[in-house]
Structure formats: C-alpha cells, structure tokens
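Report on one structure; see the data block that follows.
When reading the values below, keep in mind they use all heavy atoms of this one structure, side chains included, and skip hydrogens, waters and symmetry mates.
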Amino acid sequence: TAAKGLAELQEQNPGKISLVAFHKDFSTGMPDPMSIPETDEMASALGGFTGLPAFFWNMRKSSYTGGAQYANFYAESLAQEQSEYETYCGVNVTADLDENAGTVTVNVGITSNMPNVFRYLVILVEDGITGYEQMSNAQTNTEYVHNNVVRDLVTSVNGDKLNAGLPLTV
C-alpha cells in the first residue's frame with residue numbers, strides 16, 4: 001500500500017521525513033470520521049487533489065511519473081526532489097507533550113546559508129486508529145490501522161513565519 005511504502009522510506013531516512021495523513025469526505029455516501037475542516041484548506045494550498053492518497057514533498061506536488069511499485073516510486077521521487085531543489089537550510093524540531101496539562105511545546109531551530117524568510121508547520125497526528133479503508137479493488141477493510149492521521153493544524157495551513165517574518169541572517 002501507499003502507507004507501507006512511505007513508512008519504509010521514512011525508516012530508511014530517519015529524521016528526514018515526516019508523514020501526515022489528511023482524511024477527506026468525498027461524495028461516496030460514507031463520511032470519513034477522521035476528516036477535519038483543514039483538509040480542504042490544505043488541498044487548496046497544495047493546488048487541489050481529487051482523491052487520496054495524494055503525494056507531496058516539501059509542500060510541492062511530486063512531478064515524478066516513474067515506477068508503478070510504491071517502494072520504488074517513493075524512493076525515486078525523493079531522489080528527484082532532492083536533485084531538483086537545493087537544500088539551503090537545516091531544521092531541528094523538538095516537541096514535548098505534557099499529558100497532564102494537555103499541552104505540546106514545540107521548539108524550532110534553523111540554520112541557513114542564505115538570508116530568507118522561513119515558515120514552519122505544526123501538525124498534530126495520531127497513530128493506531130482502527131477503522132474503515134476503501135481499497136482499490138472496490139472492497140473495504142473495516143480493520144485497517146491508520147497511522148499519521150492529522151487531528152489538528154496548530155499553525156496556519158501555509159505555515160507560520162519564523163523570526164517575526166524577517167529574513168534570517170547568514
């Protein structure tokens with residue numbers, strides 16, 4: 001599945017890939033209980049999508065059109081993304097959950113070799129949700145385990161600006 005292929009790629013690239021799974025209510029007559037209103041906002045920000053899964057690197061739709069196997073597709077698409085877009089910043093993000101207070105503290109650090117205005121997204125996800133999955137063969141699986149399910153966007157859909165919106169200095 002797509003989820004399995006991405007999870008494998010994430011394992012092969014520790015600390016470099018964060019997966020998020022937005023759910024959307026389509027007109028199939030079966031509402032998705034994991035859908036949130038921000039899904040439509042995110043779809044609009046990313047240029048729209050008519051079905052899921054939809055695939056994006058760094059808030060850009062992948063232009064990769066290669067292999068049909070998910071594992072190959074994602075690995076080759078990542079290689080293409082890395083070759084087409086120069087890396088000019090380093091990011092360190094930590095998050096601390098205080099379950100008693102019901103709060104999450106997020107710390108973001110960034111270094112760059114060029115002055116620029118950077119944005120960050122904070123997305124809360126949940127793993128291990130057992131529920132319905134529509135499979136490509138028109139069958140359903142009611143015991144599918146969903147991971148990386150987006151529960152809330154803490155920042156705006158387009159991200160919040162770091163450094164009060166001022167370019168970082170080199």
Side-chain angles (χ1 to χ4, degrees), residues 1-62 64 66-82 91-108 119-160:
T1 67
K4 183 178 178 186
L6 284 169
E8 288 172 1
L9 189 61
Q10 184 181 36
E11 287 175 16
Q12 296 164 6
N13 295 273
K16 295 182 179 182
I17 298 173
S18 297
L19 301 176
V20 296
F22 283 88
H23 285 247
K24 180 172 175 56
D25 285 324
F26 290 100
S27 59
T28 61
M30 182 171 237
D32 187 333
M34 293 174 277
S35 178
I36 61 171
E38 291 85 358
T39 298
D40 289 329
E41 292 177 50
M42 184 59 76
S44 179
L46 294 171
F49 45 81
T50 57
L52 297 174
F55 182 61
F56 301 87
W57 289 117
N58 298 317
M59 300 291 289
R60 289 185 294 271
K61 190 159 189 148
S62 175
Y64 181 76
Q69 297 296 320
Y70 280 121
N72 291 341
F73 172 84
Y74 294 126
E76 292 169 9
S77 176
L78 174 61
Q80 178 181 335
E81 172 74 14
Q82 292 171 330
V91 179
N92 181 32
V93 178
T94 60
D96 297 306
L97 171 65
D98 183 336
E99 291 186 44
N100 294 329
T103 61
V104 177
T105 302
V106 178
N107 296 296
V108 179
R119 296 175 178 270
Y120 65 97
L121 285 165
V122 177
I123 302 172
L124 298 178
V125 298
E126 182 178 355
D127 288 340
I129 302 170
T130 302
Y132 169 88
E133 178 197 31
Q134 177 68 49
M135 298 182 295
S136 59
N137 60 4
Q139 295 182 0
T140 58
N141 176 359
T142 58
E143 297 299 316
Y144 183 81
V145 178
H146 297 268
N147 291 313
N148 309 301
V149 176
V150 175
R151 292 308 210 176
D152 196 12
L153 275 128
V154 178
T155 57
S156 70
V157 170
N158 292 311
D160 292 351

query = Looking only at heavy atoms, what is the nearest atom pair of G159 and R119, with distance?
reply = O-NH1, 3.0 Å

D96 versus N107, closest heavy-atom pair with distance = OD2-ND2, 4.2 Å

key: Backbone of I17 reached by a side-chain donor or acceptor of Q10 within 3.5 Å   = yes

ask   = Ignoring hydrogens and geometry, is there a side-chain-to-backbone donor-acceptor pair from S44 to E41 under 3.5 Å?
value = no

key: Heavy-atom pair with the smallest gap, counting every atom of H23 and D32   = ND1-OD2, 2.8 Å

task = Determine whether V20 and N148 make a side-chain contact, defined as any pair of heavy atoms from C-beta on separated by less than 4.5 Å.
result = no

message = I need the minimum non-hydrogen distance between N13 and L9, along with the two atoms involved.
response = ND2-O, 2.9 Å

request  = Report the distance from atom OG1 of T103 to atom CG of L97, rounding to the nearest 0.5 Å.
outcome  = 7.5 Å

task = Pick out which of I123, L121, L124 makes a side chain to side chain contact (heavy atoms under 4.5 Å, CB included) with V154.
result = L124

query = Does D40 come within less than 4.0 Å of K24, counting only side-chain N to carboxylate O?
reply = yes

ask   = Hey, are the side chains of M34 and I129 touching, using non-hydrogen atoms and a 4.5 Å cut-off?
value = yes

query = When rounded to the nearest 0.5 angstrom, what is the spacing between NE2 in H146 and CG in D127?
reply = 12.0 Å

message = If I compare all heavy atoms of G128 with all of N147, which pair ends up nearest, and what's the gap?
response = N-OD1, 2.8 Å

task = Check whether any side-chain heavy atom of L153 lies under 4.5 Å from a side-chain heavy atom of M42, and answer yes or no.
result = yes

note = Heavy-atom nearest pair, V150 first then I36, reads CG1-CD1, 3.6 Å

